[in-house]
**Q** 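Once you've had a glance at the structure underneath, I'll fire off some questions.
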Amino acid sequence: MEEQDDRESRVKLVENLLKIVNDEARNSLQGVLRDVPGIFNLFKDTYGFNTSYVDLSEGGLLILESVCSQSKSTGNEALAPLMRFIGLDPGVQSTYPFTVSLGLICMPSQEGLSYQGEGPSVEEGALYFVSGFSEAGGVGDVKLYCARRVIVKPGSLASEVKVSGDELVNEAAKACRGFRESHSELVKSFNEYFGLEPAEVVEIDEGSVGVDLPLSLNLMEPIKALATRLKSAISEEKPTLMLLGIQCTGGVSEDYVLNASEDGVLVVGRRLSDGCLRYFMVK
């Protein structure tokens with residue numbers, strides 16, 4: 001009887017935590033959407049799909065981002081054309097992990113960010129390109145200007161890659177669109193369960209994939225406060241990462257998950273009917 005009571009308490013706690021975090025995340029995003037819808041429209045027009053990831057940097061920059069990534073070669077060829085475009089072989093293991101970040105950096109001035117112009121640069125092993133600015137509406141009388149930012153980070157990259165910045169943006173956007181479409185059912189499930197668009201689609205291994213949405217520590221204070229209280233039970237460190245996600249690895253045995261690891265990671269989750277895990281993670 002006591003074991004049954006413990007299980008019911010665990011189920012109720014997990015369900016309540018997932019609902020609270022999900023509701024707060026949607027409310028926070030809807031507030032940003034109401035204030036600056038133009039930046040989300042520009043992201044969709046630029047890259048061909050939506051993202052729910054938005055963050056506010058310490059310098060006052062609004063950042064939108066979406067990521068597609070393969071940890072290793074999985075047989076999915078969606079990112080292969082981009083790999084070849086920058087001179088890499090999709091069949092070579094040193095190409096992986098291969099990660100593409102598509103973003104917008106937005107501010108009320110065109111003077112606060114330098115950009116490379118014609119071609120991308122190589123920074124810390126990644127191909128990095130920031131374009132010129134586009135106007136994206138504003139807040140009241142203050143106009144917002146957004147620059148495109150594309151980062152392509154393979155396992156190994158030549159010191160010089162001769163491609164144009166605009167071509168890199170187009171090829172990276174096309175590759176990530178195809179990659180997301182190859183996992184369209186999982187992306188759709190994320191949208192249906194959370195009412196949000198995932199920002200990251202990651203292939204961990206063949207048949208193992210996750211979609212997730214990092215939650216802004218700067219824009220989502222109620223969730224940050226909850227995450228801080230939850231993490232205080234296992235660590236004195238403040239949260240550095242909050243995620244809503246769905247992960248399909250085939251290894252979920254429990255219907256409800258409430259786990260804390262030794263390195264201070266807390267996972268609250270519920271197994272879905274297809275064996276995937278819908279979760280909230282605090283690191």
Side-chain angles (χ1 to χ4, degrees), residues 39 42-43 46-49 51 53-73 78-134 136 144-180 199-204 212-214 216-218 240-241 243 283:
I39 63 175
L42 181 60
F43 188 96
T46 301
Y47 299 119
F49 56 89
T51 184
Y53 177 82
V54 59
D55 196 11
L56 181 67
S57 75
E58 292 182 0
L61 305 178
L62 275 173
I63 300 169
L64 274 66
E65 187 179 28
S66 185
V67 170
C68 54
S69 178
Q70 281 182 308
S71 296
K72 60 195 296 186
S73 179
L79 298 181
L82 176 60
M83 295 174 186
R84 296 188 185 99
F85 176 72
I86 62 173
L88 298 176
D89 184 348
V92 176
Q93 190 54 44
S94 61
T95 298
Y96 304 92
F98 188 84
T99 300
V100 184
S101 166
L102 307 174
L104 291 181
I105 304 173
C106 305
M107 64 197 76
S109 168
Q110 299 184 57
E111 300 175 358
L113 186 72
S114 62
Y115 59 94
Q116 289 97 332
E118 290 301 317
S121 61
V122 176
E123 299 181 16
E124 298 182 354
L127 203 57
Y128 186 94
F129 178 72
V130 178
S131 79
F133 288 88
S134 299
L144 282 175
Y145 300 89
C146 299
R148 300 172 298 172
R149 183 186 69 183
V150 172
I151 304 171
V152 181
K153 186 171 179 58
S156 178
L157 182 68
S159 58
E160 187 177 5
V161 179
K162 293 184 178 180
V163 297
S164 81
D166 285 338
E167 285 181 328
L168 179 66
V169 171
N170 293 336
E171 290 295 326
K174 184 165 63 175
C176 277
R177 283 198 303 272
F179 192 71
R180 288 173 68 94
E200 300 180 341
V201 181
V202 180
E203 286 185 353
I204 304 158
D212 62 61
L213 174 64
S216 171
L217 291 163
N218 297 317
T240 57
L241 177 67
L243 283 178
K283 186 175 180 180

**Q** Locate the shortest heavy-atom distance separating Gln93 from Ser73; write the atom from each residue and the value.
**A**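 Smallest heavy-atom distance, with atoms named: OE1-N, 4.5 Å.
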**Q** Leu213 and Leu243: side chain to side chain contact (heavy atoms under 4.5 Å, CB included), yes or no, with the steps?
**A** CA-CA 6 Å; Leu213 174 64; Leu243 283 178; over 6 Å; no
**Q** Measuring from atom CZ of Phe43 to atom SG of Cys106, what distance do you get when rounded to the nearest 0.5 angstrom?
**A**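 Taking CZ in Phe43 and SG in Cys106, the distance rounds to 10.5 Å.
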**Q** Name the atoms and distances for all side-chain donor-acceptor pairs under 3.5 Å in residues 56-64, with sequence neighbours left out.
**A**
from: Ser57; atom 1: OG; to: Gly59; atom 2: N; distance (Å): 3.3
from: Ser57; atom 1: OG; to: Gly60; atom 2: N; distance (Å): 3.4
from: Ser57; atom 1: OG; to: Leu61; atom 2: N; distance (Å): 3.0

**Q** How many angstroms lie between atom CZ of Arg180 and atom OH of Tyr47, to the nearest 0.5 angstrom?
**A**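 Arg180 CZ to Tyr47 OH: 13.0 Å, rounded to 0.5 Å.
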**Q** Are any non-hydrogen side-chain atoms of Lys174 and Pro81 less than 4.5 angstrom apart?
**A**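 Of all side-chain heavy-atom pairs linking Pro81 with Lys174, none is under 4.5 Å.
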**Q** Are any of the side-chain heavy atoms of Glu65 and Ile105 separated by less than 4.5 Å?
**A**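 With C-beta onward as the side chain, the pair stays apart.
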**Q** Gly178 and Ala78: which non-hydrogen atoms are nearest, and at how many Å?
**A** C-CB, 3.8 Å
**Q** Give the minimum heavy-atom separation between Pro108 and Tyr145, together with the two atoms involved.
**A**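 Closest approach of Pro108 to Tyr145, heavy atoms only: C-CD1, 4.2 Å.
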**Q** For the CG atom of Leu102 and the OG1 atom of Thr46, what is their distance to the nearest 0.5 Å?
**A**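 The OG1 atom of Thr46 is 10.0 Å from CG of Leu102, to the nearest 0.5 Å.
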**Q** Should Leu127 and Leu168 be marked as a side chain to side chain contact (heavy atoms under 4.5 Å, CB included) after you check the CA-CA gap, both sets of side-chain angles, and the distance that decides it?
**A** CA-CA 9 Å; Leu127 203 57; Leu168 179 66; 3.9 Å; yes
**Q** I need the Glu123 CD to Phe129 CZ distance, nearest 0.5 Å.
**A** 12.5 Å
**Q** Would you say the side-chain atoms of Thr51 pair up with the backbone N or O of Ala199, donor to acceptor, closer than 3.5 Å?
**A**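 No: the side chain of Thr51 does not pair with the backbone of Ala199.
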**Q** Nearest heavy-atom pair of Ser134 and Leu42: which atoms, and what distance?
**A** CB-CD2, 4.1 Å
**Q** Check whether the side chains of Ser69 and Thr99 place a donor and an acceptor atom closer than 3.5 Å, and report yes or no.
**A**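 There is such a pair between these side chains.
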**Q** Taking all heavy atoms of Gly165 and all of Pro120, pick out the closest pair and write down the distance.
**A**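 Taking Gly165 first and Pro120 second, the nearest heavy atoms are N-CD, 3.9 Å.
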**Q** Return the CG to CZ distance between Leu82 and Phe98, rounded to the nearest 0.5 Å.
**A**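 Interatomic distance, Leu82 CG to Phe98 CZ, rounded to 0.5 Å: 4.0 Å.
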**Q** List the steps, then state whether side chain to side chain contact (heavy atoms under 4.5 Å, CB included) holds for Glu167 with Val169.
**A** CA-CA 5 Å; Glu167 285 181 328; Val169 171; over 6 Å; no
**Q** Where do Lys72 and Glu203 land on the salt bridge (charged side-chain N to carboxylate O under 4.0 Å, His left out) test, with the steps shown first?
**A** CA-CA 8 Å; Lys72 60 195 296 186; Glu203 286 185 353; over 6 Å; no
**Q** So that I can tick it off, tell me whether Glu124 and Lys153 are bridged by a salt bridge, with the cut-off set at under 4.0 angstrom between side-chain N and carboxylate O.
**A** no
**Q** Please assess Cys146 against Phe133 for the test side chain to side chain contact (heavy atoms under 4.5 Å, CB included), listing each intermediate value before the final yes or no.
**A** CA-CA 5 Å; Cys146 299; Phe133 288 88; 5.7 Å; no
**Q** Please round to the nearest 0.5 Å and tell me the distance separating atom OH of Tyr53 and atom OG of Ser66.
**A** 11.5 Å
**Q** For the residue pair Asp89 and Thr95, what are the closest heavy atoms and their distance?
**A**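 The answer is O-OG1, 2.8 Å.
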**Q** Side chains of Gln70 and Met83: closer than 4.5 Å at any heavy-atom pair?
**A** yes
**Q** Does a side-chain heavy-atom distance below 4.5 Å link Val100 with Val67?
**A** no
